[in-house]
A.B. asks: 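Structure provided below as structure tokens; questions to follow.
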Amino acid sequence: MTAGSPLPSIAVHGLTGCAGELLVILENLENLIPYVRVSSFPFAQSKNEDDRPVDIAFVEGSVSQPHDLERLKKIRAQARWLVGVGNCAVWGCVQRDGCRKESAVAMFEKTYGDKSQDDVMPSTPLSDHVRVDVKLSGCPINSTQLLAVTASLLRDHLPYITSKPVCLECKLRENACVLIENNLPCLGPITAGGCGALCPTFGAACYGCWGPSEQPQMEAMSTILQEKGYEMNEVMSRLFAFGAPDELFERVKRTIPQVSVDTI
Amino acid sequence: MTEEKRRKKIEIPEICRVEGHSAVHIEIVGDRVENVQLDVFEGMRFFERLIIGHQQDEIPHITSRVCAICSTGHVLAAIRAVEKIAGFAPSPATSLMRELMHLGMIIESNSTHIYALALPDFLGFEDVHQFASQHTEEFKAWTDLRNLGCLIQTILGGRPFHPVNLHVGGFSRFPSIEDFQKIETDLRSKYALAIRTCEVLMKFSPPVRRTSEPVFFALVPENDHYGYFGDQIRSNHGFQARVEEYKTYLKEETVPYSHAKRSSVEGKPIMVGSMARLTMFSDRLSSNAKSIFDSSALAKGDHNTIWNNLAQGIEIVEAFDRCLAIIETLIQTKAEWDPFDKRQHSRAIVPPVQGAACGTVECPRGTLYHYYELDEKGFVVAADMITPSAQNTYRIERDIHEVVSQTINEEYDEEREKTLTRNLETLVRAYDPCNTCATHMVSVKYTS
């Protein structure tokens, strides 16, 4: 960058989620501020320029109401690069699995009674609606990955992000396998790494919070859990709690024709 | 012929620097504030429905996702509920480490709210660049305190939020003595900063005042010191009950204009959070926190909402003292909990028991209720969660009503309206509202 030229701008937006990624970005402000101008970040500042083009827009959360969709479209229109941050934005996280169990409208009725349902939508990831240039999953995202993605985009490179399974990182850390040695229901084999195999490093089972890895062997994972004595209902509820897409859900469901849809 | 009454609307389309999305609509007819609506338009996630069918071990990890900034509180409330159902009592070391984890959240959440979200109103800056470049001392104080809160939660929980090391039954791995010493060193080096935070907040006098006294609700701490865990709720009007009875005293209703439900007690608004806790339990504070409290307006019975920022500061000082005491005890009792083999599990198996219970903790913003019904295999049959922000909503609306009513006879010009809007935002922010919580944790009508 030449001296005197304005800094590239970033915007940070949250749709429907836990605000975790907003918090990670807030906690990295001192690392970002020397290199970018934060043109919009309603969680952290009151002066926001939402109607002007921005170099990178980070979007957290899933699309769960028409209001989210309107905002997402506006953000997309203003952004050169749109980065979906966190499991909610990339996969839909726990609310997506909730919508699989019961329709959003039904949940709305049970929660709010007969209130108007105009503003309910099933929870979906960003890429169901707009082009997403970079998908950075995590629950929450890894700070180092966030900074690496930002640095890449500021240099006009699309960042290299892998979604190899947690097991790979676990092996690199030379952890004992909690699935085999401790008999825990570890979802490491089918879950995207990036966390550094955090749960197994603490001696706990991975519960899948970063969403599916590339080419997840869901059927094999399901078989292993059943061999460990987990009933199919529980296997399904564990495998899909953190937003894995419907096609994977259907794939595993086909292996168990006897299970009725109502019970999972 | 009647003179047509003056009608006026004040709209704050989005309140920035709070967690989640909310707006304020105020309607004025003649010389009366007709209507105040706090509209939380954050999308819904239906946690009480989606948790159904999950196993008891999964509950804390899923409910953690309700809210990042108070994820530790949601994790601990869920764990307390499940362990209560199972009749399981954690070891003393486990209880102390959970408390330390919770205090890490208090330090992180309170310092982020005070410095990054509330302070801009008093120091007058509008964006993060001004914060970082023109208020370097405050920016550094925030990052230092926040990093300490993150360090505590990372050592105990594995990461700054959405912890992976806290489970039903205990921790999957206890930290080492060296880890606790690291926290201790950090606490001591930043102690002066915690005190200074309170001194800064004391200087800012409230720009608005409420005209009615709030009714405060908070958990009675289960130990003899100031604390955030308990199974009894108390109000400053002499009410006390077991939290299991929450449905008998806390009424939740939907309002047509918002995604957050509104709680009330006997038709009246209540206030929960730091100020509520300090009002009732200041006698249990550590000596340094107590002397700050005693020299503040709060000790004189001034319950202006804006002092909630200071109350959060006082709780940071208290958290420092309590953390140091916990670490001292843990180091002294090392032989009881620090196993030789690090790979050995420190977590107890909690066999499932059919039943129902309410797990409660005091989050930074107030009392959090997690209620679960489990079947004999430990699967969730029904769930209900009531968050602090949902409990404060009605009181926020009442405060806005009172503040606007005081200005009603003034002529509104653009400048006055701008000041009023700014003051109302400052007021709402002082509650540190968490709209992601308020929306995602709404009570369920059991129709199925």
Side-chain angles (χ1 to χ4, degrees), chain A residues 14-20 22-23 26-27 29-30 33 37-38 41-48 61-65 67-68 93-95 97-98 101-102 104 107-113 115-116 120-121 123 139-140 176 182 195 198-199 201-204 207 209 233-234 237-238 241 264, chain B residues 14 16-21 41-50 52-55 58 61-62 65-69 71 112 116-117 120 126-129 131-132 139 143 146 150 158-162 164-165 167 172-173 254 256 343 345 347 379 425 436 440 442-448:
Chain A
L15 303 179
T16 298
C18 75
L22 306 185
L23 206 57
L26 187 72
E27 286 170 358
L29 266 187
E30 59 267 38
I33 276 179
R37 192 173 68 85
V38 182
F41 194 174
F43 175 50
Q45 61 186 24
S46 43
K47 195 174 142 207
N48 296 298
S62 62
V63 175
S64 300
Q65 55 178 344
H67 178 76
D68 290 339
C93 206
V94 291
Q95 62 266 33
D97 188 49
K101 289 182 179 169
E102 200 172 3
M107 283 196 280
F108 190 93
E109 281 174 356
K110 284 175 185 163
T111 309
Y112 293 90
K115 199 188 139 185
S116 153
V120 203
M121 275 171 81
S123 297
C139 196
N182 298 11
C195 58
L198 200 55
C199 290
T201 303
F202 274 83
Y207 53 87
C209 73
N233 290 352
E234 186 174 357
S237 107
R238 283 181 186 270
I264 49 179
Chain B
E14 172 147 22
C16 295
R17 284 187 282 117
V18 297
E19 203 194 348
H21 307 291
F41 56 90
E42 180 82 18
M44 288 159 286
R45 296 198 292 161
F46 307 107
F47 267 87
E48 289 123 324
R49 305 297 308 173
L50 69 82
I52 289 172
H54 282 286
Q55 221 273 333
E58 297 176 84
H61 302 306
I62 293 174
R65 269 65 191 185
V66 169
C67 170
I69 200 156
S71 54
T112 294
L117 308 184
E126 289 181 312
D127 63 47
V128 291
H129 297 281
F131 184 22
F139 192 84
T143 53
R146 179 205 75 202
C150 290
R159 53 186 171 196
F161 51 95
H162 298 329
V164 302
N165 194 27
H167 309 273
S172 43
R173 192 182 73 187
T254 53
R343 277 169 58 185
H345 261 238
R347 172 182 170 191
F379 292 98
E425 286 191 55
T436 54
H440 303 138
V442 285
S443 128
V444 177
K445 269 206 237 158
Y446 299 108
T447 50
S448 53

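In what follows, chains are A, B, ... by sequence order, proteins preceding strands, each numbered from 1. Computed from heavy atoms alone, side chains included, the values below leave out hydrogens, waters and symmetry copies.
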A.B. asks: Using a 4.5 angstrom heavy-atom cutoff, name the option from B/Glu14, B/His162, B/Glu126, B/Gln55 with the most pairs to chain A.
C.D. replies: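 Highest number of heavy-atom pairs under 4.5 Å: B/Glu126.
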
A.B. asks: So, the side chain of B/His129 versus the backbone of A/Val38: is there a donor-acceptor pair under 3.5 Å, distance only?
C.D. replies: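 Looks like yes, one N/O pair under 3.5 Å.
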
A.B. asks: Side chain, backbone, both or neither: which part of A/Gln65 has a heavy atom under 4.5 Å from chain B?
C.D. replies: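 A/Gln65 touches chain B through side-chain heavy atoms alone.
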
A.B. asks: Is the side chain of B/His21 donor-acceptor paired with the backbone N or O of A/Gly14 at a distance under 3.5 Å, no angle test?
C.D. replies: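 A pair under 3.5 Å: yes.
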
A.B. asks: So what's closer than 4.5 Å to chain B heavy atoms on A/Tyr207: side chain, backbone, both or neither?
C.D. replies: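 It is the side chain, since no backbone atom gets that close.
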
A.B. asks: Which bit of A/Leu15 is near chain B, if near means a heavy-atom gap under 4.5 Å: side chain, backbone, both or neither?
C.D. replies: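 It is the backbone, since no side chain atom gets that close.
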
A.B. asks: Go through A/Ala241, A/Ser64, A/Ala44 and name the one with the most non-hydrogen pairs under 4.5 angstrom from chain B.
C.D. replies: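 Answer, by heavy-atom pair count under 4.5 Å with chain B: A/Ala44.
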
A.B. asks: Is the side chain of B/Arg173 donor-acceptor paired with the backbone N or O of A/Ala204 at a distance under 3.5 Å, no angle test?
C.D. replies: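 Flag not set: sc B/Arg173 to bb A/Ala204 has no pair under 3.5 Å.
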
A.B. asks: Taking every non-hydrogen pair under 4.5 Å, which of B/Thr143, B/Thr112, B/Ile52, B/Asp127 racks up the most with chain A?
C.D. replies: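 Greatest number of close heavy-atom pairs with chain A: B/Asp127.
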
A.B. asks: So, taking the atom named OG in A/Ser62 and the one named CZ in B/Arg45, what distance separates them when rounded to the nearest 0.5 Å?
C.D. replies: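 Those atoms lie 7.0 Å apart.
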
A.B. asks: Check this for me, if you would: do A/Glu30 and B/Arg146 make a salt bridge, where the nitrogen-to-carboxylate-oxygen distance has to be below 4.0 angstrom?
C.D. replies: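 Judged by the 4.0 Å cut-off on N to carboxylate O distance, A/Glu30 and B/Arg146 do form a salt bridge.
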
A.B. asks: Are the side chains of B/Arg65 and A/Cys139 in touch, meaning some heavy atoms are under 4.5 Å apart?
C.D. replies: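 Counting from C-beta outward, B/Arg65 and A/Cys139 do come under 4.5 Å.
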
